[in-house]
Amino acid sequence: LTLEVIFMDLIILIILIVLTIVFFRKLSNTVYVICIIDIFLRILDKIERMINVPEFSNLVNKYFPNSVLDIICSHSSGIIETVLVWLYIGIYLVFLFYVIQTFFRKKK
């Protein structure tokens with residue numbers, strides 16, 4: 001891992017933590033922010049792979065991780081990684097609950 005990659009990963013994690021603590025005191029807002037950033041990173045990664053332009057690929061691969069899960073797995077190991085991955089799964093389960101709840105509310 002290069003210093004730039006670690007730096008960008010840490011910036012994304014710090015943004016998640018700061019947004020969570022400062023702006024979003026409700027669990028639902030925290031879940032939405034984490035999932036929005038994760039989905040954005042996954043879409044960016046998929047676009048980079050599909051268009052296959054070397055300059056764009058170099059830019060994306062240099063400054064952006066593939067997902068929040070990739071950040072967790074690249075910077076932790078052992079029991080801490082396991083706990084963080086389960087927390088990540090839990091966040092996505094709560095996100096799925098909120099999305100389904102919103103879907104059924106709008107149908108009424």
Flag side-chain contact, heavy atom, 4.5 Å: V83 against L87
no
Min side-chain heavy-atom separation I39-F95 under 4.5 Å:
yes
Any donor-acceptor pair under 3.5 Å linking the side chain of D38 with the backbone of V68?
yes
Which pairs would a plain distance check flag for residues 49-60, meaning a side-chain donor or acceptor within less than 3.5 Å of a matching protein atom at least two apart in sequence or in another chain?
| from | atom 1 | to | atom 2 | distance (Å) |
| --- | --- | --- | --- | --- |
| R49 | NE | D45 | OD1 | 3.4 |
| R49 | NE | D45 | OD2 | 3.1 |
| R49 | NH2 | D45 | OD2 | 3.2 |
| S57 | OG | E48 | OE2 | 3.0 |
| S57 | OG | V53 | O | 3.1 |
| N58 | ND2 | P54 | O | 3.2 |

So with a 6.0 Å cut-off around CD1 of I80, is the heavy-atom count from everything else above 12?
no
Which value, rounded to the nearest 0.5 Å, describes the distance between [X] atom [atom1] and [Y] atom [atom2]?
X: C35; Y: F40; atom1: SG; atom2: CZ; value: 15.5 Å
X: S74; Y: L69; atom1: OG; atom2: CG; value: 9.5 Å
X: Y63; Y: L44; atom1: OH; atom2: CG; value: 14.0 Å
X: I34; Y: I91; atom1: CD1; atom2: CD1; value: 3.5 Å
X: C73; Y: N66; atom1: SG; atom2: CG; value: 11.0 Å

Partner residues of F64 under the ring pair (Phe, Tyr, Trp, His ring centres under 6.0 Å) criterion, sequence neighbours left out:
none
